[in-house]
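In the text below, chain A, chain B and the rest are named by the order of the sequence lines, each starting its count at 1.
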Amino acid sequence: MKGSDFIRTVANRYASQLQLCYPQTLASFSLAKTIHSHMITFGFHPRGHLLNRLIDVYSKSSKIIYARHLFDQIPEPDIASRTSLLLAYSLSGDVKTAQKMFEETPLSIRDSVFYNAMITGYSRNEDGNSCIELFRQMLRDEFRPDDFTFTTVLGGLARVVNKVMQCKQLHGLVLKTGTGFFTSVLNALVSVYVNCGLMFEARKLFDEIYTKDELSWTTIVTGYVRNDELDAARELVDGMSEKLAVAWNAMISGYVHCNRYDEAVDMFRKMYFMGIKIDEFAYTSVISCCANAGLFHLGKQVHCYVLRTEAKPTLDFSLPVNNALITLYYKCDKVDWARQIFDNMPVRDIVSWNAILSGYVNAGRIAEGRLFFSKMPERNQLTWNVMISGLAQNGFGEEGLKLFNQMKSEGLQPCDYAFAGAISSCSMLGALENGRQLHAQLVRLGLDSSLSAGNALITMYARCGVVEASNLLFLTMPYLDSVSWNAMIAALGQHGHGIQALELFEQMLEAGISPDRITFLTILSACSHAGLVKESQYYFNLMDRLYGITPGEDHYARLVDVLCRAGKFLEANDLISSMPFEPGAAVWEALLAGCRTHGNVDLGIQAAERLIELIPHHDGSYMLLSNMYATAGRWNDAANARKLMRDRGVRKEPGCSWVEVENKVHVFLVDDTVHPEVQAVYSYLNKLVPEMKRLGYVPDTKFVLHDIEADQKERVLSAHSEKLAVAFALMRLPRGATVRVFKNLRICGDCHNAFKFMSKVVGREIVVRDAKRFHHFRDSQCSCGDYW
DNA sequence: GTAGGGTTAG
């Protein structure tokens, strides 16, 4: 054998061994490295095709350094090795280097494949415009676009907006160049039409494809799914002779995203019985279906099935499956199970971390959430959004705002969801100025058309007492969803505009927006605040009959509340006994509150006892019971209720009121001695009260909840936190400005009376938000009509 | 040496 023949034989053997490195996995990289080092050890110098192969394998294993090292040894690299390396750079995200390589390659050695590779590079980096640009240059440089070119350019087009024209032009070119005979090109065209939402064109083209492959079917089916035409998609899938798992998976996830959970589960079951392979994708979708639909038992069954299937080793490593399981368990109130999944995961990603964080936050386990947040190795927008809105929703408004600012100081631009969280923090705090500033920032950033931020603003203005601003926003928002309508109805309700709230509800129906369970909660609250008994019963009966929404315990509780406030205790009792489930805390609390207002001590005691049984650590029930006794003058019983509370180590939430003055929040406690200007406040009140008395104000000492001497009672009354905050605001706000005060508990009856006279004396509007609703005092009247 | 489909967190 001649020397050159020998070398050729060895080279061929190496080449066939390298062939084993495809398709590319991590293992193939080490195999390639083994083969390569074998060559080096035996003094064999790869050249030509073999060298290209090595560069290609290294490129495809993302080992650019190895590939580049070999590449640099070639004096005049040919177009094949250039293509391999160029693609490797693009796929690693380094488009700049790829582009440099492209430009440095002389026109004389370029070919169509080389152009195609660069177009692929742009496409993978989501730069559709550059795809088109290079395609045009390719034509100018007089290279023939082939089927690969069109598939890639059309694929890259997916990311471009307003592409209908380009799409039609490319379609024409496809027909002109004869590439329309390739199924791959037609599939890509169908895909772009789908992407433009032009399902009619997509379907027409699909029907014309002579030899449809798996991808043709999948593209059209997923196209319908993406454009929310699930029934059309289903019809195609049912008519398919081949049972393509991909199409079925697309259907299942489509159903899940449209909240059509029954159909998703049916499809999954059918898949199982028909013997279609259930892979990671199907499991992920069906588990996420169970999570969203609250199907705990089915979800658990699927989980067990995952554990038993022979594919378990792969599924154990599957991020999406594990992430979906985390979500399943935390949404079914099993945060600790979710955590266990998380702890057992061999690899985790940002989705896993965010899911657990949401779990803690949604369960109100804020302390754990914050700890978890601080330990996260990586955070994205969603992480911050979850933490900020979680703090706001759990009553940590100040911390929510702090975190929002921290996010900004770390150089991150908050998105509309983060703004929504910060704005809800302002709602909590009653921080109107801060909320207004956030609104202004949103406008500056062009984010003011955002639904989530807009909805948060509606609530913020209402909860800060400026319901007119909510209304203005509601009327001018470019898009509205059911949350917006619910927010506006709630806003009107809280401010006592019950009739307007109901009118808005009717408008909502006329606008074709389906009410949900929240809508009915706000409707019932609005009725409660305005004393609309008949209306509340009417809507309560409507929700199930007309909208198929089964009333939950919260709905019953609201209706009980309405009835009790109107003194209809018999009806309330009937309603409670007609409930399909055991009454929980919310129902007893409503009953108890009504009993207190109407001095129905006997029923009230029963309710309070049940309530204390159900939630022994909640201070509210002891307080209500105690207050009720106090109202009836039974001071011993009142003291006993407080003693029971103390004995059980339950602490009363201290009453406090606050008010925003010059962008700063001032907090007052009862009998306050802490606020630096409190002495001035007391003397201001001392001047004001006699004037109020001249107009008929009589301090009502039955609201003093301690058994103390009569002459001291009036002094205690005048030191209530809400009186201090209102007086402070009257002193410090500009003349004539509306006073907006917030209280964490319900307003005291004497304060309520006093503010009516106060508003007359000072000739200003006083707005007080208490734990349940708003009171607008103007000209010795309150908007609640003394009904609260 | 170049292309294309289905999954998870608010």
Side-chain angles (χ1 to χ4, degrees), chain A residues 49 52-53 55-56 59-60 77-88 90 111-121 123-124 146-156 158 182-192 194 213-223 225-226 244-254 256-257 279-289 291 318-328 330-331 338 349-359 361-362 380-390 393 415 417-418 420-421 452:
Chain A
H49 173 67
N52 289 348
R53 263 296 143 118
I55 292 174
D56 191 46
S59 298
K60 283 179 176 149
D78 67 2
I79 197 65
S81 52
R82 285 171 192 267
T83 308
S84 296
L85 194 59
L86 178 142
L87 204 63
S90 321
D111 60 8
S112 291
V113 177
F114 190 60
Y115 280 86
N116 292 348
M118 191 62 235
I119 295 173
T120 303
S123 166
R124 292 289 181 89
D146 59 8
D147 48 331
F148 279 81
T149 318
F150 282 109
T151 359
T152 317
V153 173
L154 287 165
F182 290 97
T183 307
S184 58
V185 175
L186 293 174
N187 287 346
L189 263 173
V190 171
S191 180
V192 177
V194 161
D213 61 7
E214 289 195 358
L215 189 62
S216 320
W217 285 97
T218 321
T219 309
I220 192 75
V221 169
T222 56
V225 171
R226 294 225 178 112
L244 269 185
V246 186
W248 285 62
N249 293 344
M251 287 297 324
I252 295 175
S253 73
V256 176
H257 284 130
D279 59 9
E280 152 183 45
F281 292 89
Y283 280 120
T284 307
S285 293
V286 83
I287 293 168
S288 138
C289 172
S318 163
L319 274 169
V321 169
N322 280 310
N323 291 339
L325 282 170
I326 291 178
T327 312
L328 168 73
Y330 95 68
K331 285 201 176 161
D349 64 0
I350 182 78
V351 178
S352 337
W353 286 86
N354 282 344
I356 292 284
L357 182 68
S358 310
V361 163
N362 284 14
N380 62 10
Q381 274 281 350
L382 192 112
T383 319
W384 290 89
N385 299 346
V386 168
M387 198 66 230
I388 292 169
S389 52
Q393 272 151 27
C415 71
Y417 280 93
S452 53

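Distance CG (Asn354(A)) to C1' (dG10(B)): 9 Å, rounded to an integer number of Å. With rounding to whole Å, Asn323(A) atom CG is found 7 Å from dA9(B) atom C1'. Distance, Asn249(A) CG to dT7(B) C1': 8 Å, rounded to whole Å. In this structure, the CG atom of Leu357(A) is 15 Å from the P atom of dA9(B), given to the nearest Å.
Tyr330(A) comes within 4.0 angstrom of sugar-phosphate atoms only, judged by non-hydrogen atoms across all strands, and of no base.
Taking only distance into account, the side chain of Asn380(A) meets the base of dA9(B) through a donor-acceptor pair shorter than 3.5 Å. Between the side chain of Ser84(A) and the base of dG1(B), no donor-acceptor pair of N or O atoms lies under 3.5 Å. Counting distance only, with no hydrogens placed and no angle test, the side-chain atoms of Asn362(A) and the base atoms of dG10(B) include no donor-acceptor pair under 3.5 Å. Under 3.5 Å, the side chain of Thr151(A) and the base of dG4(B) form no donor-acceptor pair of N or O atoms.
In the set dT8(B), dT7(B), dG4(B), dG4(B) carries the atom at the smallest distance from any side-chain atom of Leu215(A). Ranking dT7(B), dA3(B), dA9(B) by closeness to the Phe281(A) side chain, first place goes to dT7(B). With dG4(B), dT7(B), dA3(B) as the candidates, the nucleotide lying closest to the side chain of Asp213(A) is dG4(B). Nearest to the side chain of His257(A), among dT2(B), dT8(B), dG5(B), sits dT8(B).
Proximity of a side-chain donor or acceptor of Ser285(A) to a complementary backbone N or O of Ala282(A) within less than 3.5 Å is not detected.
Remark: Lys331(A) is not in phosphate contact with dT8(B), judged by side-chain N or O atoms under 4.0 Å from OP1 or OP2.
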